[in-house]
Amino acid sequence: MQTIRLDGQSLTRDRLVAVAHGAPVELASGALVAVQRAADFLAEQVRREEPIYGVSTGFGSNADKLLGAHPLRDALPGAAPSGRSLHEELQRNLIVTHAVCVGEPMSADVVRAMLCIRINTLLKGHSGIRVQTLQALAALLNAGIVPVVPQLGSVGASGDLAPLSHLAIVLLGGGEAFFEGQRMPGGEALQRAGLEPVSLSYKEGLALNNGTAQMLAMGVLALHRLEMMLDTADLAAAMTLDAFAGRLGAFAPEVHALRPHPGQVQVAGNLRRLLSGSTLADIAYHLVPKFRPWLPASWDTPESQALRFDIGWDWVPADQRHGREKFYLRFLPFRGGKKHQPQDSYSLRCIPQVHGAVRDAAAQAARVLDIELNAVTDNPLVFPEKTDSTHVEEQVISAGHFHGMPLALVLSYLKAAIPTLASISERRLNKLVDPATNDGLPAFLIGNEDGTESGHMIVQYTAAAIVNDLASRAHPASVFSVPTSANAEDHVSMGANEARHVLSMVEDLGKVLALELYTAAQALDLRRDMINAARELARRADAVALAGKVQGGPASDAPGREGFLAEVESLRAQLAQADAFHPGTAVAAAHARIRATVPFLARDRALDGEVAAMVGLVASGALLPAAVAAG
């Protein structure tokens with residue numbers, strides 16, 4: 001894998017994802033000059049006995065305690081000098097006492113991303129860490145050592161203190177780590193990798209554990225996955241639209257020019273591209289037959305007898321057309337699968353507005369995360385270049401860059417957006433399986449002529465359960481601060497909890513989208529095959545044969561029969577003259593990729609393995625290249 005060069009200035013989300021997935025890092029030599037300058041500056045201030053927070057004072061509510069020249073117990077009568085350095089002890093104790101997270105370990109990609117973020121921010125040269133300590137941190141990452149970092153313990157102010165301490169404690173030879181597939185003591189992992197533990201100097205413990213690396217790492221990885229899910233959601237929606245033989249006017253560019261939210265405009269464009277070439281979308285109402293259960297007498301040829309359905313229309317008699325005469329001059333008087341209305345339901349028509357709003361939320365998160373990737377987030381901040389300063393407090397400044405609220409709020413925004421995208425997907429899925437709303441498709445997308453089959457009924461249940469779970473997890477953690485450190489940290493962001501939630505919620509969003517695609521592929525097969533079955537019948541038979549699929553027409557010896565047959569003949573001619581009906585080119589490519597994984601459901605069978613395969617297909621992103629290449 002390509003080595004990622006870190007300099008404190010140019011880390012991007014894509015580069016961070018690459019490191020998370022295994023790419024090594026190298027440190028820019030120019031940045032190391034600034035790093036060493038800040039470390040030398042702190043060492044000089046300690047020599048001058050300047051009081052500096054976190055260097056020669058305690059932390060948090062202990063900030064009023066100044067370090068002495070030697071341990072107090074060394075002054076006891078008869079005591080031998082211990083040789084302990086209080087400055088080193090202060091930094092070491094900060095790490096070992098703060099590594100108290102609980103829960104399951106974070107995944108390796110999250111931990112590697114945290115390490116990369118921490119290294120990059122320390123390269124800015126305002127944290128006081130030594131070059132050799134920073135190089136040791138990079139060596140740990142490049143060696144493939146993954147510190148064990150339990151998931152729960154950060155309140156997101158003073159940064160992610162506890163989880164970052166779990167990172168740093170391995171550098172000291174403590175804690176636990178994964179190495180070469182095994183979990184082991186941190187010191188053993190260092191030894192096996194040929195690395196030595198580090199002893200910390202001035203402010204280095206604080207530099208290592210004071211920052212927003214957990215919430216940022218999880219946020220970036222979540223956004224990376226969400227961006228793939230946004231494209232997947234547009235694809236799922238397009239496939240569902242083709243399965244409904246939906247209407248495309250709602251996605252026209254001139255429509256969205258009147259309300260040009262960026263995400264909305266982008267989604268409308270995506271739908272137009274994905275549905276390009278479709279002969280199902282915008283099809284005339286009267287050409288779309290509705291499902292009827294297969295019966296032995298439904299078809300008259302061996303080929304058509306193999307179909308999984310029968311088809312039909314209802315005829316609209318002349319005395320029921322009053323006030324609608326103009327409509328029936330344009331459309332033939334046959335009611336099949338498509339309702340005679342000029343607009344689709346909200347879950348279809350409002351896809352750009354809903355999907356687009358989620359895209360805009362993701363764009364706002366990206367803006368904030370991009371800034372944070374190359375920001376300094378520890379405390380205090382060291383400015384050795386301010387040589388005209390009167391007091392050390394002008395060069396070592398206590399501020400609040402560790403506070404995670406900028407991240408926490410955009411992650412709260414994403415937490416609200418994710419269930420929205422899942423919900424509209426589930427609503428489309430539900431429309432597909434419900435015979436009251438699926439525009440003439442069979443109930444639960446199965447022929448069920450014997451009344452024994454459930455088809456895709458319970459697929460919708462699973463999607464509904466996930467949507468409910470996502471909604472219940474969407475409450476923003478950022479609005480509920482629980483003060484810590486004896487109220488020295490009296491307002492916290494809870495951004496780490498937000499990031500952890502978002503990361504897991506994106507995964508569950510993918511499951512809902514997989515269920516929609518699984519269902520939409522089944523519906524698309526049925527819709528396409530039903531219309532093409534009508535076309536084939538029209539091409540090989542006459543109006544009388546096609547009239548056998550129409551209910552409500554006059555009997556063969558009744559008045560009006562001749563006019564009825566003339567209208568049936570018009571229907572037959574239009575169907576016969578049409579080319580074979582098919583979805584959009586990109587939708588067809590994605591559908592073929594799905595069918596390479598799971599077959600059409602002609603009869604009830606166990607679906608659990610197929611559902612798992614679809615979830616894996618969506619999570620891998622394997623559907624998108626096929627659709628992009630075709631589109």
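In this chain, numbering begins with 1 at the start of the sequence shown.
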- Scanning both residues in full, the closest heavy-atom pair of Val382 with Ala38 reads CG1-CB, 4.2 Å
- Task: May I have the step-by-step check of salt bridge (charged side-chain N to carboxylate O under 4.0 Å, His left out) for Glu498 and Lys415, ending in yes or no?
- Result: CA-CA 8 Å; Glu498 297 286 37; Lys415 279 176 70 175; 2.7 Å; yes
- Hey, are Arg367 and Asp360 close enough for a salt bridge, meaning a charged N less than 4.0 Å from a carboxylate O? no
- Message: side-chain contact (heavy atoms from CB on, under 4.5 Å) for Asp378 and Lys203? Distances and angles first, verdict last.
- Response: CA-CA 10 Å; Asp378 64 303; Lys203 194 185 171 289; 2.5 Å; yes
- Note on the structure: Exactly one of Ile129, Val55, Val392 clears side-chain contact (heavy atoms from CB on, under 4.5 Å) with Leu42, and that residue is Val55
- Any luck finding a side-chain donor-acceptor pair between Asp109 and Ser107 under 3.5 Å? yes
- With a 4.5 Å heavy-atom cut-off, do Leu141 and Pro24 have their side chains touching? no
- Query: Checking side-chain contact (heavy atoms from CB on, under 4.5 Å) for the pair Leu208/Leu94: CA distance, chi angles, key distance, verdict?
  - Reply: CA-CA 10 Å; Leu208 289 169; Leu94 176 69; over 6 Å; no
- Message: Which residues pass the side-chain hydrogen bond (donor to acceptor under 3.5 Å, both in side chains) test with Asn93, not counting sequence neighbours?
- Response: none
- Could you name each residue pair satisfying side-chain hydrogen bond (donor to acceptor under 3.5 Å, both in side chains) that touches residues 140-151, not counting sequence neighbours? none
- Query: Side chains of Ser478 and Ser493: donor-acceptor distance under 3.5 Å anywhere?
  - Reply: no
- Query: Salt bridge or not for Lys386 and Glu394, using N-O below 4.0 Å?
  - Reply: no
- Identified side-chain contact (heavy atoms from CB on, under 4.5 Å) counterpart of Val149 within the set Leu167, Ile169, Leu164: Leu167
- Item | Any donor-acceptor N or O pair under 3.5 Å, side chains Glu372, Thr377 | no
- Item | Spatial distance of atom CD1 (Ile145) from atom CD (Glu180) [nearest 0.5 Å] | 9.5 Å
- Task: Check the pair Asn120 / Leu373 against side-chain contact (heavy atoms from CB on, under 4.5 Å), numbers first and verdict last.
- Result: CA-CA 8 Å; Asn120 190 66; Leu373 279 171; 5.5 Å; no
- Query: Just checking, any donor-acceptor pair under 3.5 angstrom between side chains of Arg359 and Gln364?
  - Reply: no
- Message: Can you tell me if His401 has over 12 outside heavy atoms packed within less than 6.0 Å of its NE2?
- Response: no
- Is Glu89 salt-bridged to Arg92, cutoff N-O under 4.0 Å? no
- Can you find a heavy atom in the side chain of Leu115 that is under 4.5 Å from one in the side chain of Val146? no
- Query: Is there side-chain contact between Leu509 and Lys511, with at least one heavy-atom pair below 4.5 Å?
  - Reply: no
- Taking the side chain as every heavy atom from C-beta outward, state whether Pro197 and Leu172 have any pair of such atoms under 4.5 Å apart. no
- Message: Between Ile418 and Val358, does the side-chain contact (heavy atoms from CB on, under 4.5 Å) criterion hold? Intermediate values first, please.
- Response: CA-CA 7 Å; Ile418 289 168; Val358 179; 5.9 Å; no
- Task: For the pair Gln182 and Arg192, evaluate side-chain hydrogen bond (donor to acceptor under 3.5 Å, both in side chains) and give the outcome as yes or no after the intermediate values.
- Result: CA-CA 11 Å; Gln182 295 182 321; Arg192 288 197 187 185; 2.8 Å; yes
- Task: Using atom types as modelled and distance alone, determine if a side-chain donor or acceptor of Asp160 lies under 3.5 Å from a backbone N or O of Ser154.
- Result: no
- Side-chain heavy atoms of Val512 within contact of Leu421, under 4.5 Å: no
- Thr12 side chain vs Arg15 backbone, donor-acceptor pair below 3.5 Å: yes
- What is the distance from atom CG of Leu216 to atom CD1 of Ile117, rounded to the nearest 0.5 Å? 3.5 Å
- Task: Please test His256 against His261 for ring-ring contact (aromatic ring centres under 6.0 Å, His included), starting from the C-alpha separation and ending with a verdict.
- Result: CA-CA 8 Å; His256 295 280; His261 292 292; over 10 Å; no
- Aromatic plane relationship, Phe383 with His126 - under 30° parallel, 30 to 60° tilted, over 60° perpendicular: tilted
- Message: Checking the side chain of Arg118 only, and the main-chain atoms of Ala168 only, is there a donor and an acceptor separated by less than 3.5 Å?
- Response: no
- Just by distance, do the side chain of Lys124 and the backbone of Asn374 share a donor-acceptor pair under 3.5 Å? yes
- Check whether any side-chain heavy atom of Glu204 sits under 4.5 Å from a side-chain heavy atom of Ile95, and report yes or no. no
- Without swapping roles, check the side chain of His501 against the backbone of Leu411 for a donor-acceptor pair under 3.5 Å. no
- Task: Look only at the side chain of Arg112 and the backbone of Val19, and say whether a donor-acceptor pair between them is shorter than 3.5 Å.
- Result: yes
- Task: Verify the neighbour count for atom CD of Gln353: are there more than 12 heavy atoms of other residues, nucleotides or ligands below 6.0 Å?
- Result: yes
- Do any N or O atoms from the side chain of Thr420 and from the backbone of Ala416 form a donor-acceptor pair under 3.5 angstrom? yes
- Have Ser425 and Glu516 got a donor and an acceptor in their side chains that come within less than 3.5 Å? yes
- Message: Taking Asp508 first and then Arg473, would you say they form a salt bridge - that is, a charged N and a carboxylate O separated by under 4.0 Å?
- Response: yes
- Does some side-chain heavy atom of His166 sit less than 4.5 Å from a side-chain heavy atom of Pro150? yes
- Flag the pair Val618 / Met228 as yes when at least one side-chain heavy-atom distance between them is below 4.5 Å, and no otherwise. no
